[in-house]
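One structure is given here, and the rest of the page talks about it.
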Protein chains: 2
Amino acid sequence: MSSEKIKKAAIYYFAINGYEGTSLSQIAEKVGIKKQSIYSHFNGKDDLFLQVMNDALNQEICDLNTKIKQYPKSLKETLYDLLQDLMMRYENNVYMKFWLRMSFYPPGHLFDEINTAFYQYEREQKQLFLPLFKSAIKDNVLKKKNPEHLVIAFISLLNAITVELVYGGVERAKEVVDPSWEVFWDGIALATEGAKE
Amino acid sequence: MSSEKIKKAAIYYFAINGYEGTSLSQIAEKVGIKKQSIYSHFNGKDDLFLQVMNDALNQEICDLNTKIKQYPKSLKETLYDLLQDLMMRYENNVYMKFWLRMSFYPPGHLFDEINTAFYQYEREQKQLFLPLFKSAIKDNVLKKKNPEHLVIAFISLLNAITVELVYGGVERAKEVVDPSWEVFWDGIALATEGAKE
DNA sequence: TTCCAACTAACGAACGGTCGTCAGTTAGAA
DNA sequence: TTCTAACTGACGACCGTTCGTTAGTTGGAA
């Protein structure tokens, strides 16, 4: 299907050049058609953008779901795996790059639509993380803290790694993830063996 | 001076709409002149942008310096104040908003220039933070950790708060800063009073 | 003090491009 | 025949940029 190819090209350029930095002719050229032909599939640039954004939203939510649901591991392993997964996805998943850029700096005239989608994603994210921490608190492996606050702190850690991914890709994020993770885990976990090494 | 007014208008629009999303006529209109008149002061859009970027870089480095040098407080107070300061600056300081956006998503054809400036800022940042942690380690208030890693972890915390500032401004960052800070501090400090509260 | 030259900062007009978009057409498949 | 997806051609708008001009100012020299 040709409209899929168009969306694929669109998401690629939107992700690396932003909305204003991407032209329809650029997209069309990548597909191998003329820019006017895009109007056989979409009502215009905004329509194309919003459809692509919706795909990216669903993709991100879906990814997050399958990722978490399949984890019968310990909290520590689960969270650390989520960090690693974030880094892997950033390199390979163009949806995520797109999603990131647009949630950071949406084009002004589509702010409302993007913001609505963004809050939907965020609600989903928090609802998925919360049970993990709640059950860990029950199991008595964490310092006694508000589980909502723990979710916030973990999302902050994810955001910090995300920033490093944007700044310098995976190589750079790798230098940051372990020091930050160690501080985070020491900050939430009950000390079981004293200050380690 | 009129070229200062141009730069002020430019940084404002660059910060909120990005490089591609900002036109010279927009800038000129805000100043109250025609876009052609900008060429009496700058060689073109790129020149204007790079001059503005240089101003922002110097401003940021200067801010950082004066902020840290004036702190004879404890590490805990100093770091927490830096977090609070970050949030205050984001609202009032257009240089910072500009700097942030351009370090996240620079216009492609100016990537090299921006990247060079960015690394200069980052080096400065690390050199300023490192002594704080080193002396705190000597004073024996921290878990024994690599001071470079502590700097990385703290910058991660700053980045996380920055993301929240970009997402939803100060109100939103305020909801995140305390939970994240608490986890961070518990993660690096020696427990002096057991699990608190 | 007057005069002229140089400089400055703004201007209108126009340039070649590219933008997103629309209308009408054509070729092939159902 | 109807429908679809591509095409050609053209539209007005705006982009960054260049040019030549026009005021207003400044600094000496006469």
Side-chain angles (χ1 to χ4, degrees), chain A residues 1-56 98 101-102 105-114 117, chain B residues 1-56 98 101-102 105-114 117:
Chain A
M1 200 56 159
S2 179
S3 73
E4 286 304 316
K5 288 170 73 179
I6 293 174
K7 286 204 280 186
K8 199 175 165 187
I11 204 174
Y12 173 77
Y13 282 119
F14 283 145
I16 63 170
N17 291 330
Y19 179 89
E20 290 92 351
T22 300
S23 69
L24 292 183
S25 34
Q26 221 175 357
I27 296 171
E29 192 183 19
K30 182 147 183 144
V31 178
I33 59 175
K34 302 292 170 185
K35 64 171 177 174
Q36 300 93 318
S37 307
I38 294 178
Y39 285 78
S40 296
H41 303 269
F42 303 93
N43 288 331
K45 192 181 184 184
D46 285 358
D47 180 41
L48 172 58
F49 177 86
L50 290 173
Q51 287 203 34
V52 154
M53 182 190 72
N54 234 54
D55 288 359
F98 170 88
R101 177 157 198 161
M102 293 316 151
Y105 295 115
H109 69 292
L110 298 175
F111 180 82
D112 288 342
E113 289 90 335
I114 297 174
Chain B
M1 201 55 160
S2 178
S3 73
E4 287 303 317
K5 287 171 73 179
I6 294 174
K7 286 203 280 185
K8 199 174 164 188
I11 204 175
Y12 172 76
Y13 282 119
F14 283 146
I16 63 170
N17 291 330
Y19 179 88
E20 290 91 352
T22 300
S23 70
L24 292 183
S25 33
Q26 220 175 358
I27 295 170
E29 193 183 18
K30 181 150 185 141
V31 177
I33 59 175
K34 302 293 170 186
K35 63 173 177 174
Q36 304 92 312
S37 307
I38 294 178
Y39 285 79
S40 296
H41 304 269
F42 303 93
N43 288 332
K45 193 182 184 184
D46 285 358
D47 180 40
L48 172 57
F49 177 87
L50 290 173
Q51 286 203 35
V52 154
M53 182 190 71
N54 234 55
D55 288 359
F98 170 89
R101 176 158 198 160
M102 293 315 150
Y105 294 114
H109 70 292
L110 298 175
F111 180 83
D112 288 343
E113 288 91 337
I114 297 173

Backbone of H41(B) reached by a side-chain donor or acceptor of S3(B) within 3.5 Å: no
For atom CG of L24(A) and atom P of dT21(C), their distance in whole Å: 6 Å
Side-chain donor-acceptor contact under 3.5 Å, Y19(B) with D46(B): yes
Spacing between L48(A) atom CG and dT21(C) atom C1', to the nearest angstrom: 14 Å
Phosphate OP1/OP2 of dT4(D): any H41(A) side-chain N/O under 4.0 Å: no
Separation of atom CD1 in I38(B) from atom P in dA9(C), rounded to whole Å: 14 Å
Distance in angstrom units between L110(A) CG and dG20(C) C1', rounded: 14 Å
Between C1' of dT8(D) and NZ of K35(A), the distance in whole Å: 13 Å
DNA chain C: 5'-proximal contact among Q36(B) and N43(A) (nearest heavy atom): Q36(B)
OP1 or OP2 of dC15(D) under 4.0 Å from side-chain N/O of S23(B): yes
Exceeds 12 heavy-atom contacts within 6.0 angstrom, atom CG of N43(B): no
Aromatic contact, F98(B) with F49(B) (centres under 6.0 Å): yes
S37(A) side-chain N/O to dC7(D) phosphate OP1/OP2 under 4.0 Å: yes
Euclidean distance, atom OH of residue Y39(A) to atom P of dA10(D) [Å, nearest integer]: 19 Å
side-chain contact (heavy atoms from CB on, under 4.5 Å) evaluation trace for I33(A) with I6(A): CA-CA 9 Å; I33(A) 59 175; I6(A) 293 174; 4.0 Å; yes
Separation of atom CD1 in I6(A) from atom C1' in dG20(C), rounded to whole Å: 15 Å
Euclidean distance, atom NZ of residue K34(A) to atom P of dG20(C) [Å, nearest integer]: 16 Å
Sugar-phosphate, base or nothing in reach of T22(B), heavy atoms under 4.0 Å: sugar-phosphate
Heavy-atom donor-acceptor pair, S40(B) side-chain to dA10(C) base, under 3.5 Å: yes
Comparing S25(A) and I33(B) on DNA chain C - which has the more 5′ nearest nucleotide: I33(B)
